[in-house]
2 protein chains.
Amino acid sequence: MARERQHSPRLSRRSLLGGAAAGAVGLTAVSAGTASAAASRTVDVAIVGGGIAGLTAARDLVAGGRTVAVLEARDRVGGRVVNLKLANGGFTEGGGEFIGPTQNRIKALADSLGVATFTTYNTGNNLLYKDGKRTPYDTSGLLGSVPPVDAAGLANAAIVQSELDSMAATVPVDTPWTAAKAAEWDKQTFESWLNANAIVPSAKFLLDLACTSIFSAQPRELSLLYVLYYIAAAGDESHAGTLERLTDTAGGAQESRFVGGSQQVPIKLAATLGDRVVLSAPVRSIARSGSAYVVTADGITVNATRVVVALPPPLAARISYDPLLPAARDQLTQRMPMGSIGKAIAVYDTPFWRADGLNGQAVSDSGVVRSTFDNSPPDASYGALMGFIEADEIRAYDAASEADVKTAVLADYANYFGDKAKSPTSFVLQRWDNEGFSRGGPVAYAPPGVLTEYGAALRQPAGGIHWAGTETSTFWTGYMDGAVRSGERVAKEVLAALG
Amino acid sequence: MARERQHSPRLSRRSLLGGAAAGAVGLTAVSAGTASAAASRTVDVAIVGGGIAGLTAARDLVAGGRTVAVLEARDRVGGRVVNLKLANGGFTEGGGEFIGPTQNRIKALADSLGVATFTTYNTGNNLLYKDGKRTPYDTSGLLGSVPPVDAAGLANAAIVQSELDSMAATVPVDTPWTAAKAAEWDKQTFESWLNANAIVPSAKFLLDLACTSIFSAQPRELSLLYVLYYIAAAGDESHAGTLERLTDTAGGAQESRFVGGSQQVPIKLAATLGDRVVLSAPVRSIARSGSAYVVTADGITVNATRVVVALPPPLAARISYDPLLPAARDQLTQRMPMGSIGKAIAVYDTPFWRADGLNGQAVSDSGVVRSTFDNSPPDASYGALMGFIEADEIRAYDAASEADVKTAVLADYANYFGDKAKSPTSFVLQRWDNEGFSRGGPVAYAPPGVLTEYGAALRQPAGGIHWAGTETSTFWTGYMDGAVRSGERVAKEVLAALG
C-alpha cells in the first residue's frame, strides 16, 4: 500500500541517531505496510506527534495518572529536532539546536533528563560580508552584535528595533489579536511596515536579515502583527520579549547548545515513556466514536478518550477528521504555512577560522547561506561550519541537486572564511522543506489577516481534540522552549477535562 | 474505519440533486467502508476530483482515445457547483451559478450538453443600504452599477478602479510573477494599497465590498499582485480583464444563469462519461509504482500512467504522495487558502420585491449578508432571495447554529426588501467552509509573496502528476469558466505526454 515516505529520498541514505537510539531504549517500532494486521491500544489520551511538544504532554499526563500512546510518523522522535551522523563519527544538528535566556522550560526539561548545555562558540570577531567585502567586527563594543553598516543605517536600524520592541510590548502573548492596534498591524505585511520605517538601505538589509534568520520567510510573507507577537513571545513571565533576544548569540536565543546534541532531549524523554511511544506510525484519521476517539495510524489504531495533536497546523490539516473540525480551525490550518529552511554543515579537521580571530558567525547580503555559526563540538576535536539556507535562497535551489547546493554553500563559506573552507572532510545538507512530516520550518507563521480572525483557533479544543506544538505557545513560539510550554499547557488542559 | 464525512452534519439532511441524478445516469457509486473489498481499475489517466475541471479533462482525454477513471470524494459530481432541493419542489444553487461575457469555455461546454442560459433578473432598481438608510438606484444611468455614495467617494472610486485596471493590464495571466512590478505588488496586501489610494471612506467601502464579493476574503488577506492577476484574468484572449466585468450583472460575471441550475453542466457532462466516474471515493494517496501510479481511494484503487489532480491546492495537500511532491509544490499548497463563503437562500411565494421596482440586488455596509441577488426561477413561479455571507461575516458565525444565521440573514433581508422578507416559506444555508471536501470557497487565493515565489508550481507537473482546477486557469480563475479551461489545458498536456 502506498505510504508517504519518512523523509526525502535525498536524505534517506543518512543514518539518524534518533532511529538507532530509539531501538536502544525500547520504543515501539511499527513496520510500514502492516495495516492489515494492525495493532490496537486503548488509552486515556492519544498523542499525535513525538516531537518535544507531544513527548512533554505525554510525560505530564503520565505523571497525572493517565495512560497515553504517542504516535510518531517518523522512525525517530524529535520532530524538527534531529541529530545527524557525520562521516568522522561525530554528529551535528539538522534542526533546532540552540537554547538561550528565558527559555526556562526547555532548560528545566533538559536538566531533568541530565542533558547539559554548553556555550555556543563565540570567541573572536563576527564577520559582515557585504557588497563583496569582508568586515570582521567585535561584538563587545557599543553596537553589540549589530553588524557595522554605515552610520545612517545603524541609526535607522536602532530606531526601528526600538520601535518594534515598543510595539511588541503592547501585544499580549496569549491573545495577540486583542492588542489595541491589532487590526491595523494585521492588515499589512512586515515588508510594508519596513519600507515605511527602515528607509536607509543598510538598515533595511539588517532588518531583512533578522527576519529571514528568525522566520525563514521574507518580510513580505509575514503579518506585522505576527512579527510583533513573535518578538513579544521572546521572553518569559518576568522578561518582556525583545528583537535582540531573538537575534543574539550571547544573551540571546543562540547562546547555548546541548551536550550530545539537541535531539538528546526528546530521545531521553522518549526513553522515560518506553513503549508508550510508537514510531513509524503516521496518523491518517481521527474519528469520534461515541464519547471516545479512534486514532488510526499506519499499523496501529488507538482508542482514547482525548486526543492531543502536537503537529504544526499545516500538517495537522493532512489528517482526516470525523466529525469535521470547526471551520475556524480548518481554515487556520490552511493559513499558517511552514517557513522555508535548510541547514548546511561543512566539517573540517579543525575549526581553522578560530586561528584567524573569527568566531564562525558571519552575516551576508549575498549567497545561498547568509548566516553561519561555528557548530564544532565543545572539545573542538573537529571543526564544523553551519549555515542556514532560508526563504528565497532555499526556494531558488528547490530543483537543484545536493551537489549543486554544496558547491554554492562552499563558495559562500570560502568568501566568509577563506579558501580552506572549500575542502571539507564531509558535508551534510538538511532540507526541511523536503521532509514529508515537516515540509518546511522552523515554524508555521501567519500572513496578514490570520491572527486577528483565526488566532483563537490555535489552542481552542475541537470536542475532545486538543492542540499542542510550538505554534500554540505563548512564549518562545517557534522554539524548543515553546514546544515544551505547549506540551505542559495541553497536559494541564487534558487532565482538567478528564477530571 | 474512520472516514471523513461527505459534508457537514448540519447539511446532511438536505437531499442533493446531484446524488439523485448521479444514480439516474449510471455513475459508479462506491459505498464508504468497503476498503477491505476494494475494487481496482487500470486506466491511462486517473483523475482526482469530479468537479467541472476534472470532468472536462476526462471528456477531452476520452476524445483523445485514452481510458480514464474520475474519482470523486462526494456522492455527487460538481465540486463547488451544486443544486439544492427546496421544500417547494424547486431547487436553488448552493455554489457557483453565474455565467457572463468572455466566459466562452463554460458556454461552449453548456451548449454542447444542451444546458441553456437565461438572464439574471435585473429589471428595476438596485439597492444601496448604508448607514441604516435604503437608497434604490437605477443602473442605466451614468454611474452604471456603482452604488450612489457621495460624490467624492464616487470620484475616488472611479480613479481607483481605473488604476487597478491599468495595473492589471500589465500582468500576464499565464505568468503574473513576470509583470514588471510583480515584486512590488506582491510585497503588500490589497488593503495596504487601498489605504493609500481609496482615501475617501465611501470609496474604501465600495472597494472593500467589491473585494469581499469577488474573493470572499478581506483586502488584508490578499496580495495586491494576486488581485491584479484576478482582474486581468476576467476576460479572454481578445478582451482585457476589468474589475467591472467581475462585479457587474449586465455585461459582467453575474449576467446569466443556467436553466435547471448550474449543476446541470457537471451532471450532464458526467453522464457522457458513464461509469468512468466513481462517486464516494475520496483519494487518500498517490504513489508511483515503476513508471505508473497507484491512486488509492476509499473503496477503489486505480492504476494509471498519468494522474490529474483537479482539486484546489489546499485540498490537494491532504493527499499523501509517494514520492513526496517537490518542495515548491507542497509549500504552494500550504500558502493558498480557500476563501470563506456561505450562501443563504430565502424562498417566498412570489418575488415580492419586483412589485416595489427592485431587482433584488442589494449591497450593504452592515449585516451578515452584504450582497444579494434575485435567485427566482426564470418563470418566477416563486421568489428566491440569495445572499452571500463572506469573509469576516461568515467567520463571525462560525460557531453559530443554522437558526441563528437564519435569524440574522432574514433581519438583513427585511432591512433591504421590507418586512415581507421576514417570512420565507423555506430557507437554505450552504456553508462551504463546513464542507469536508471544499473547506471554503469560492477559490483558493494568494496572500502576499506567494505568486512571485510559488506561482510557477500552480501548473508545473510533478513527474506524471498534472494539476487542474480553476486555480490553475489563466482566464476566469475562480469561476466555472476557469475550471473548464483548466480541464482542457490539462488534457492537452497529458495527451502530449502520453504521445
Side-chain angles (χ1 to χ4, degrees), chain A residues 1-5 8-9 186-189 191-192 195 217-221 282 284-289 294-296 314 317-324 326-328 330-331 334-338 340 391-392 394-395 398-399 431 433-436 439-440 444 447-450 452-454, chain B residues 1-5 8-9 186-189 191-192 195 217-222 282 284-287 289 294-296 314 317-324 326-328 330-331 334-338 340 391-392 394-395 398-399 431 433-436 439-440 444 447-450 452-454:
Chain A
M1 193 167 186
R3 294 299 176 196
E4 192 159 51
R5 298 219 182 166
S8 84
D186 206 28
K187 281 181 179 173
Q188 57 187 301
T189 62
E191 174 81 17
S192 288
N195 284 337
Q218 305 293 146
R220 65 175 176 272
E221 300 179 278
R284 307 298 178 180
S285 69
I286 300 174
R288 192 157 58 202
S289 173
V294 180
V295 179
T296 305
R318 298 177 180 192
I319 295 171
S320 175
Y321 298 86
D322 179 9
L324 295 176
D330 191 290
Q331 290 215 329
Q334 299 177 41
R335 281 162 170 76
M336 289 190 70
M338 303 298 285
S340 308
D392 282 356
I394 192 165
R395 294 188 283 239
D398 179 41
R431 292 194 60 147
D433 46 1
N434 276 337
E435 286 266 318
R439 300 256 58 173
V450 177
T452 43
E453 283 297 312
Y454 296 98
Chain B
M1 193 167 187
R3 294 301 176 193
E4 193 159 51
R5 298 219 181 167
S8 84
D186 207 27
K187 282 181 177 172
Q188 57 187 301
T189 62
E191 175 81 17
S192 288
N195 284 337
Q218 305 294 145
R220 64 174 176 270
E221 300 178 278
L222 300 155
R284 306 298 178 180
S285 69
I286 300 175
S289 171
V294 181
V295 180
T296 305
R318 298 177 180 193
I319 294 171
S320 175
Y321 299 86
D322 179 10
L324 295 176
D330 191 289
Q331 290 215 329
Q334 298 178 41
R335 281 163 170 76
M336 289 190 70
M338 303 298 283
S340 307
D392 282 355
I394 192 165
R395 295 188 283 240
D398 180 40
R431 291 194 60 148
D433 47 0
N434 276 337
E435 286 266 318
R439 300 256 57 172
V450 176
T452 44
E453 284 297 313
Y454 297 98

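The figures here come from the full heavy-atom set of this structure, side chains too, leaving out hydrogens, waters and symmetry mates. Residue numbering restarts at 1 for every chain, and letters A, B, ... go by the order of the sequence lines.
Side chain of Asp433(B) to backbone of Ala327(A): no donor-acceptor contact under 3.5 angstrom is found. A donor-acceptor contact shorter than 3.5 Å links the side chain of Gln334(B) to the backbone of Arg439(A). Panel note: side chain Glu191(A), backbone Gly449(B); no donor-acceptor pair is recorded below 3.5 Å. Proximity of a side-chain donor or acceptor of Arg335(B) to a complementary backbone N or O of Met338(A) within less than 3.5 Å is detected. In this structure a side-chain-to-backbone donor-acceptor pair under 3.5 Å is present from Asp398(A) to Ala328(B).
The heavy-atom pair separating Ser192(B) from Gln188(A) by the smallest distance is OG-CB, 3.6 Å. Annotation for Asn434(B) and Leu324(A): closest pair O-CD1, 3.3 Å, computed over non-hydrogen atoms.
When each of Pro219(A), Pro337(A), Pro314(A), Gly440(A) is scored by its heavy-atom pairs under 4.5 Å with chain B, the top score falls to Pro337(A). The residue among Ala391(A), Ala317(A), Ala217(A), Ala444(A) with the most heavy atom pairs within less than 4.5 Å of chain B is Ala317(A).
Within the 4.5 angstrom heavy-atom criterion, no atom of Ser289(B) approaches chain A. When heavy atoms are compared at a cutoff of 4.5 Å, Pro448(B) approaches chain A by way of both its backbone and its side chain. The contact between Pro326(B) and chain A is made by backbone and side chain atoms together, counting heavy-atom distances below 4.5 Å. For chain A, the nearby part of Asp186(B) is the backbone; its heavy atoms alone come within less than 4.5 Å.
The CZ atom of Arg284(A) sits 4.5 Å away from the OG atom of Ser320(B) when rounded to the nearest 0.5 Å.
The only member of Glu221(B), Gln218(B), Arg220(B) that meets side chain to side chain contact (heavy atoms under 4.5 Å, CB included) when paired with Lys187(A) is Arg220(B).
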